[in-house]
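Below, read A as the first sequence line, B as the second, and so on, with proteins coming before strands; counting in each chain starts at 1. This is a predicted model, so every value here is computed, not measured.
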2 protein chains.
Amino acid sequence: MRLSTKGRYAVTAMLDLAIHHAEGPVTLAEISESQGISLSYLEQLFARLRKHELVVGLRGPGGGYRLSRRPQDISVAEVITAIGEGIDATQCEGKENCQEGERCLTHVLWTRLGNEIYEFLNGITLASFIERDNVNQVIRRQQQGLDVMAPGLNKTVA
Amino acid sequence: MRLSTKGRYAVTAMLDLAIHHAEGPVTLAEISESQGISLSYLEQLFARLRKHELVVGLRGPGGGYRLSRRPQDISVAEVITAIGEGIDATQCEGKENCQEGERCLTHVLWTRLGNEIYEFLNGITLASFIERDNVNQVIRRQQQGLDVMAPGLNKTVA
DNA sequence: CTAATAACCTAGTAAAATACTCAGGTACTA
DNA sequence: TAGTACCTGAGTATTTTACTAGGTTATTAG
């Protein structure tokens with residue numbers, strides 16, 4: 001499980017899409033300006049996001065990018081793995097001899113940690129992420145449970 | 001919160017130390033061989049771990065490295081931050097103007113995610129990590145709770 | 001229709017981080 | 001006092017990151 005600035009760029013851009021999800025497609029030029037990320041760099045990142053079917057590209061005037069699913073159905077883990085080519089679970093796994101068993105032990109341990117981090121990030125959706133911020137400002141009087149699901153967003157896409 | 005191969009190397013090495021914690025100091029040469037990490041690279045990593053007082057170096061014959069604290073008192077988060085110079089919480093925070101508020105929004109959101117990941121990794125100790133594997137093999141008949149604390153290791157260090 | 005728009009694609013490149021090597025030095029202990 | 005093993009720093013190859021440049025293709029507003 002790799003987690004670097006590159007993943008942050010992708011998540012940031014996806015959050016931008018999620019925020020403007022109701023208003024139709026967002027152009028990369030807009031994201032580039034508002035988030036301060038290079039346009040061509042964004043194009044490269046979105047090429048991968050598109051291949052993993054997290055976003056849909058719409059060409060021509062009035063076009064842009066749109067989330068392929070609802071914000072509450074896309075997890076941070078999905079975005080990061082889409083960018084970073086997934087989890088690389090060590091090199092020993094099946095290839096090497098695993099000399100003293102020692103080597104494989106720590107590898108297995110680390111793989112498990114990677115899985116745990118993935119599961120953790122998989123529980124955080126784009127919607128839950130934005131909600132926690134907006135809800136605090138807009139809806140304050142409502143009692144809120146520990147559920148991370150976004151409450152009022154049952155508008156189906158396409 | 002950066003999380004890359006470098007951190008994995010450090011955690012792996014620290015796990016090695018934790019496993020042999022009862023048997024006295026472990027030399028970097030041993031870790032180098034068993035884990036397949038370059039000796040000089042290990043020395044660089046351990047220089048940082050030592051500065052953050054996670055390990056203690058013992059010179060001379062029979063020397064090596066030892067954990068400065070008990071395995072159940074060292075978290076994975078500590079190891080990673082010791083290596084990677086801590087969390088870099090975006091660049092905008094206080095310096096930039098935060099033009100439309102939009103920019104700062106995602107930054108705040110991301111900072112929160114970083115903190116959550118940190119808290120998550122902070123809850124995982126070296127001991128809890130190893131225990132879960134060894135316990136499964138050695139002690140099987142015992143009923144185990146959800147507690148991650150290592151049960152039988154109340155031997156004080158130094 | 002056509003011209004503007006914006007996605008899409010490919011290659012290259014500077015800067016940084018990573019992983020490692022080399023060459024010494026220093027402290028400890030047997 | 002010799003040897004072990006920590007410790008330091010400088011240098012380097014590789015990889016990743018972040019970006020630039022220059023195009024092509026599809027779409028649509030006018």
Side-chain angles (χ1 to χ4, degrees), chain A residues 1-13 16-17 20 24-68 80 82-86 88 90-91, chain B residues 1-13 17 20 24-33 35-68 80-88 90-91:
Chain A
M1 187 72 198
R2 178 184 296 135
L3 188 57
S4 62
T5 1
K6 195 176 183 180
R8 186 167 64 203
Y9 272 82
V11 173
T12 301
D16 202 310
L17 254 65
H20 303 101
V26 181
T27 66
L28 291 189
E30 286 170 333
I31 298 174
S32 172
E33 194 171 0
S34 68
Q35 307 297 343
I37 310 170
S38 148
L39 177 60
S40 294
Y41 194 40
L42 275 174
E43 284 179 341
Q44 286 171 34
L45 296 180
F46 271 78
R48 295 191 177 180
L49 293 172
R50 202 174 54 84
K51 271 174 196 161
H52 285 79
E53 294 176 347
L54 292 178
V55 294
V56 175
L58 301 168
R59 293 188 177 187
Y65 276 100
R66 215 182 47 192
L67 298 179
S68 62
I80 290 170
I83 293 298
E85 288 121 350
D88 57 342
T90 67
Q91 57 269 44
Chain B
M1 187 72 198
R2 180 184 293 133
L3 187 56
S4 62
T5 1
K6 196 176 183 179
R8 186 167 64 205
Y9 272 82
V11 174
T12 302
L17 254 62
H20 303 101
V26 181
T27 67
L28 292 188
E30 287 171 331
I31 298 174
S32 173
E33 196 172 1
Q35 307 297 344
I37 310 169
S38 150
L39 178 61
S40 293
Y41 195 40
L42 275 174
E43 284 179 342
Q44 286 171 37
L45 296 180
F46 271 78
R48 293 193 178 181
L49 293 173
R50 201 176 56 82
K51 271 173 195 161
H52 284 79
E53 294 177 347
L54 293 177
V55 294
V56 175
L58 301 169
R59 294 186 175 188
Y65 275 101
R66 214 182 48 191
L67 298 178
S68 62
I80 290 170
T81 50
I83 292 299
E85 287 122 351
I87 312 152
D88 58 340
T90 66
Q91 56 269 44

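- Side-chain contact between A/L28 and A/F46: present, with at least one pair of heavy atoms (C-beta onward) separated by less than 4.5 Å.
- Rounded to whole Å, atom P of D/dC6 lies 9 Å from atom CZ of B/F46.
- We find that CD1 of A/I37 is positioned 16 Å from C1' of D/dT20, with the value rounded to whole Å.
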Distances for protein N or O near nucleotides 28-30 of chain D N or O, under 3.5 Å:
none

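- Between B/R50 and B/V56 the shortest side-chain heavy-atom distance does not fall below 4.5 Å.
- The nucleotide whose nearest atom lies closest to any side-chain atom of B/S38 is, among D/dA5, D/dC19, C/dT21, C/dT21.
- A/Y65 comes within 4.0 angstrom of sugar-phosphate atoms only, judged by non-hydrogen atoms across all strands, and of no base.
- Taking atom CG on A/L45 and atom C1' on C/dC9, their separation rounds to 15 Å, with Å as the unit.
- In this structure, B/R48 places its CZ atom 18 Å from C1' of D/dC6, rounding to the nearest Å.
- Heavy atoms only, all atoms of each residue included: A/A13 and A/I31 are closest at CB-CG2, 4.1 Å.
- The closest side-chain heavy-atom distance from A/L45 to A/Y9 is below 4.5 Å.
- Spacing between atom CD1 of A/I83 and atom P of D/dT17 amounts to 10 Å, rounded to whole angstrom units.
- In terms of position along DNA chain D, the nucleotide closest to B/L39 lies nearer the 5' end than the nucleotide closest to the other residue of the pair B/L39 and A/L58.
- Considering every non-hydrogen atom in both B/G62 and B/P25, the closest pair reads O-CG, 3.4 Å.
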What protein N or O atoms touch nucleotides 8-15 of chain D N or O atoms at under 3.5 angstrom, if any, and at what distances?
{"from": "D/dT8", "atom 1": "OP2", "to": "B/R50", "atom 2": "NH2", "distance (Å)": "3.4"}

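- If you take NZ on A/K6 and CD on A/Q44, they are separated by 8.0 Å, rounding to the nearest 0.5 Å.
- When rounded to the nearest whole Å, the span between CG of B/L42 and P of D/dA5 equals 15 Å.
- Rounded to an integer number of Å, the gap from A/L28 CG to C/dC8 P is 8 Å.
- Atom C1' of nucleotide C/dA7 and atom CD1 of A/I31 are separated by 12 Å, given to the nearest angstrom.
- With A/V26 as the partner, the side chain to side chain contact (heavy atoms under 4.5 Å, CB included) test is satisfied by one option alone out of A/L67, A/L17, A/V55: A/L17.
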Using a cutoff of under 3.5 Å, can you pull out all pairs of nitrogen or oxygen atoms linking the protein to nucleotides 16-18 of chain C, with atom names and distances?
{"from": "C/dT18", "atom 1": "OP1", "to": "B/S4", "atom 2": "OG", "distance (Å)": "3.4"}
{"from": "C/dT18", "atom 1": "OP2", "to": "B/K6", "atom 2": "NZ", "distance (Å)": "3.4"}

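- The main-chain N or O of A/T27 is found under 3.5 Å from a side-chain atom of A/E30 such that the two form a donor-acceptor pair.
- Counting heavy atoms from C-beta on, the side chains of A/I37 and A/S32 never come closer than 4.5 Å.
- Of all heavy-atom pairs spanning B/I83 and B/A10, the tightest one is CG1-CB, 3.3 Å.
- Contact between B/S68 and B/E53 at its shortest, heavy atoms only, is OG-O, 2.6 Å.
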